[in-house]
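The next block holds one structure in the form of structure tokens; read it before the comments.
Everything numeric here is computed off the predicted structure, so don't read it as measured data. Each chain gets a letter, A, B and so on, in the order its sequence line appears, and its residues count up from 1.
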Amino acid sequence: MTDLSLSDQAIAGKTAPPSEARALRLPTQWIGVAPFFIFAVMFLILPTLYLMLGAFQNDAGEFTFENIAALAQPSIVAAYWISIKVSLASALIGAFAGLAIAIAIVRGGLPEWIRSATLTFSGVASNFAGVPLAFAFLATLGRLGLATVILNTLFGLNIYAHGFNILSFWGLTLTYVYFQIPLMVVIIVPAIDGLKKEWGEAAATLGATTAQYWRMVVIPVIWPSFLGTVILLFANAFGAIATAYALTGSSLNIVPILLYAQIRGDVLHNAHLGYAIAFGMIVITGLANVFYIWFRTRSERWLK
Amino acid sequence: MKTGRFWAWVVFILGAAYFFIPLIATVEFSMRMRRGAYSFDAYQIVLGDARFQATFTYSVIAAIFTIVLGVLIVVPAAYWIRLRLPQIRPVVEFITLLPLVIPAIVIVFGYIRMYGSNSWLPFLGNDTATNALLVIGYATLALPYMYRAVDTGLRTIDVRTLTEAAQILGAGWGTIITRVILPNVLIAVLSGAFLTFAIVIGEFTMASLLNRPAFGPYLQNIGANRAYEPAALAIIAFAITWGCMSLIQILSRFAPKSANRPN
């Protein structure tokens with residue numbers, strides 16, 4: 001901190017004579033971050049606050065809880081519920097599968113090129129979302145998709161006759177997992193790398209079996225970052241709309257699609273109900289991120 | 001250890017199957033257009049479609065403006081925080097993470113209601129202003145990635161010494177940022193730029209709700225109306241994402257590795 005105040009003086013002395021330095025200090029101090037804060041307030045914070053306040057107002061601008069109460073109608077509750085289920089299922093499946101892959105490539109004794117190839121591919125696949133991902137899964141598991149056809153002709157298994165449908169809860173979950181697993185791999189590999197070799201040696205010296213080492217050292221250390229990432233994956237899936245919309249149209253009524261329809265055409269016939277739906281989404285992803293930050297700070301104690 | 005390696009292979013192969021089967025299926029599907037033979041007809045039709053060219057160009061231009069706007073906002077802020085205001089770093093980091101908390105659809109909904117034609121700042125009043133609003137929205141989506149990339153780049157150089165040296169040589173703030181700091185973090189900025197490009201190029205929600213003729217809404221429209229073209233477009237989109245990520249990896253080889261921190 002001392003050299004900071006030194007450079008402060010140096011700069012203040014350069015830009016203004018001492019008598020004016022005090023008056024000028026505050027504005028010059030903030031000028032570099034001003035564009036950032038103006039941008040953030042105008043295009044991130046104010047629009048969000050506007051919706052959040054709107055959720056508690058009626059058409060006349062009076063304060064009310066009616067919009068929030070109106071969220072309790074069955075169609076909206078069902079939309080929230082299926083969104084939460086899809087996000088939670090895809091986050092959990094993605095997290096465990098991603099963890100397994102991460103452990104396999106870091107600790108499994110596989111050749112080095114597999115690790116780097118997997119990490120590169122994960123970087124790509126975690127960003128391969130939206131409309132094209134839906135196309136890829138329609139081409140795979142749609143009624144005429146390659147996997148559907150092969151399962152039917154080679155194994156006589158008609159998955160559509162057995163109740164599978166790409167335009168359903170499991171279809172959407174399976175599609176979301178495609179970007180959830182790589183995201184988990186990208187985030188959790190550094191955490192597994194952070195496990196120090198000395199801990200394994202120390203455990204072995206004290207007579208621990210491999211199982212004990214995993215149960216009493218590895219899992220407690222990576223647990224917070226694992227849980228934190230699960231929550232991040234949840235929020236990631238919860239706000240996503242493009243994949244679901246391109247995959248299912250509006251046949252699967254998740255919250256973002258409901259809100260999309262409401263913004264386009266006021267399908268709920270109450271503008272402020274749209275605000276309340278947006279408010280509900282912010283509350284859910286916000287809560288998720290509070291937990292995420294909490295777990296993150298806990299995990300950073302170990303991984304420094 | 002033998003069994004451990006066996007299970008590692010099993011996990012890896014299962015994972016590889018899950019990730020490659022959809023890609024293979026999509027390639028196969030995209031080539032099925034001509035009856036009885038594999039062909040690239042779907043790609044020809046897509047690439048020759050005037051709407052594909054128009055919307056793709058639109059999105060590329062939007063992405064370039066987004067990158068420029070992102071750099072203008074993020075680089076001075078990240079630099080200034082390292083140099084003079086380290087105490088507000090947690091606040092800025094929190095703000096840059098907000099776009100991961102607030103879904104894109106909520107952000108754009110806020111824009112539509114706040115900056116409508118009758119508001120104090122009518123962004124939706126004409127096309128140019130709406131295009132600007134789309135770029136602004138994209139810049140908020142890219143904010144977490146851009147800030148992290150630039151901040152990581154700044155960490156590897158000694159910001160304070162470079163600044164003071166430039167000042168001693170008589171440089172003003174504009175010169176310092178454009179000719180001293182920016183060249184030093186150029187690779188980090190480019191990494192952020194390619195990631196931004198990958199995110200923006202096929203973005204659907206914001207472009208669709210602002211009624212812009214962008215690539216994302218075009219993709220959705222083709223998906224709803226055609227059979228084989230969507231598969232071809234998915235492969236093209238995957239190739240673009242792959243290209244952006246490869247460029248980032250190649251660039252990272254040129255980035256300075258040692259953290260030369262002043263404090």
Side-chain angles (χ1 to χ4, degrees), chain A residues 3 7-8 10 14 29 32-33 35-36 39-40 43-44 46-48 50-51 54 97 100-101 104-105 108-110 114 120-121 123-125 127-128 130-132 134-140 145-147 178 181 235 238-239 241-242 245-246 249 256 259-260 263 274 278 281-282 285-286 289, chain B residues 1 4-5 8-9 11-12 15 19 21-26 28-29 72-74 76-77 79-81 84-85 92 95 98-107 109-114 136 140 160 164 167 198-199 202 204-205 209 216 219-220 223 230-231 233-234 237-238 241-242 245 249:
Chain A
D3 63 341
S7 91
D8 273 359
K14 185 191 179 305
Q29 193 70 303
V33 288
F36 173 84
F39 179 84
F43 298 110
L44 195 54
L46 279 183
T48 312
Y50 187 90
L51 293 182
I101 291 173
I105 61 168
L110 300 181
I114 284 190
T120 308
F121 184 85
V124 178
N127 285 296
F128 182 64
V131 182
F135 294 167
F137 269 81
L138 282 173
T140 312
L146 186 68
Y178 201 87
I181 292 178
F238 191 80
I241 167 169
Y245 190 71
L259 182 57
Y260 182 85
I263 297 171
M281 288 181 74
I282 298 170
T285 54
N289 276 271
Chain B
M1 220 49 224
R5 185 168 303 180
W9 276 111
V11 167
F12 176 76
F19 282 98
I21 287 173
L23 291 179
I24 295 165
T26 311
E28 198 266 351
F29 201 84
L72 286 179
I73 291 165
V74 167
Y79 164 67
W80 204 251
I81 289 160
R84 303 281 289 276
L85 295 167
V92 171
I95 291 174
L98 278 180
L100 301 179
V101 182
I102 309 167
I105 189 169
V106 172
I107 295 176
F109 186 27
Y111 289 176
I112 291 169
R113 286 300 144 94
M114 218 177 134
I136 287 168
T140 59
R160 191 160 300 142
E164 285 173 4
Q167 280 180 330
I199 294 167
F204 168 74
T205 317
L209 286 172
L219 287 175
Q220 197 276 327
L233 283 166
F238 190 84
T241 312
W242 187 281
M245 295 302 133
Q249 270 219 325

Measuring from [X]:[atom1] to [Y]:[atom2], what's the distance to the nearest 0.5 Å?
| X | Y | atom1 | atom2 | answer |
| --- | --- | --- | --- | --- |
| B:R113 | A:I263 | CZ | CD1 | 7.5 Å |
| A:F43 | B:I73 | CZ | CD1 | 8.5 Å |
| B:F12 | A:L110 | CZ | CG | 7.0 Å |
| B:I21 | A:T140 | CD1 | OG1 | 8.5 Å |
| A:F135 | B:T26 | CZ | OG1 | 11.0 Å |
| B:I136 | A:F39 | CD1 | CZ | 6.5 Å |

Proximal component of [X], with respect to chain A [non-hydrogen, under 4.5 Å]:
| X | result |
| --- | --- |
| B:A237 | both |
| B:Q249 | side chain |
| B:I95 | both |
| B:V92 | both |

Do you know which two heavy atoms are closest between [X] and [Y], and how far apart they sit?
| X | Y | result |
| --- | --- | --- |
| A:G109 | B:R5 | O-NE, 3.4 Å |
| B:W80 | A:G32 | CG-CA, 3.7 Å |
| A:A278 | B:F109 | CB-CD2, 4.0 Å |
| A:F36 | B:A77 | CB-CB, 3.6 Å |
| B:P22 | A:F137 | CG-CZ, 4.0 Å |
| B:A25 | A:A139 | CB-O, 3.8 Å |

Looking at [options], which has the largest count of heavy-atom pairs under 4.5 Å with chain B?
| options | answer |
| --- | --- |
| A:G239, A:P132, A:P256 | A:P132 |
| A:A147, A:A136, A:A235 | A:A136 |
| A:I105, A:L259, A:I282 | A:L259 |

Is [X] in contact with chain B via its backbone, its side chain, both, or neither, using a 4.5 Å heavy-atom distance?
| X | value |
| --- | --- |
| A:L51 | side chain |
| A:L138 | neither |
| A:A100 | both |

Inset, instruction - Answer yes or no: is there a donor N or O on one side and an acceptor on the other, between the side chain of A:T285 and the main chain of B:V101, under 3.5 Å? - result: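 Answer holds: yes.
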Inset, instruction - Classify the ring geometry between A:F121 and B:F238 as parallel (under 30°), tilted (30 to 60°) or perpendicular (over 60°). - result: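 Rings of A:F121 and B:F238: tilted, 30 to 60°.
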Inset, instruction - Specify whether A:Y178 and B:F19 have parallel, tilted or perpendicular ring planes, treating 30° as the upper limit for parallel and 60° as the lower limit for perpendicular. - result: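 Correct class here is tilted.
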Inset, instruction - Taking the side chain as every heavy atom from C-beta outward, state whether B:L72 and A:P35 have any atom pair closer than 4.5 Å. - result: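 No - every pair of side-chain heavy atoms lies 4.5 Å or more apart.
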Legend entry - A:Y260 vs B:L209, side-chain contact (heavy atoms from CB on, under 4.5 Å): CA-CA, chis, key distance, verdict: CA-CA 8 Å; A:Y260 182 85; B:L209 286 172; 3.7 Å; yes
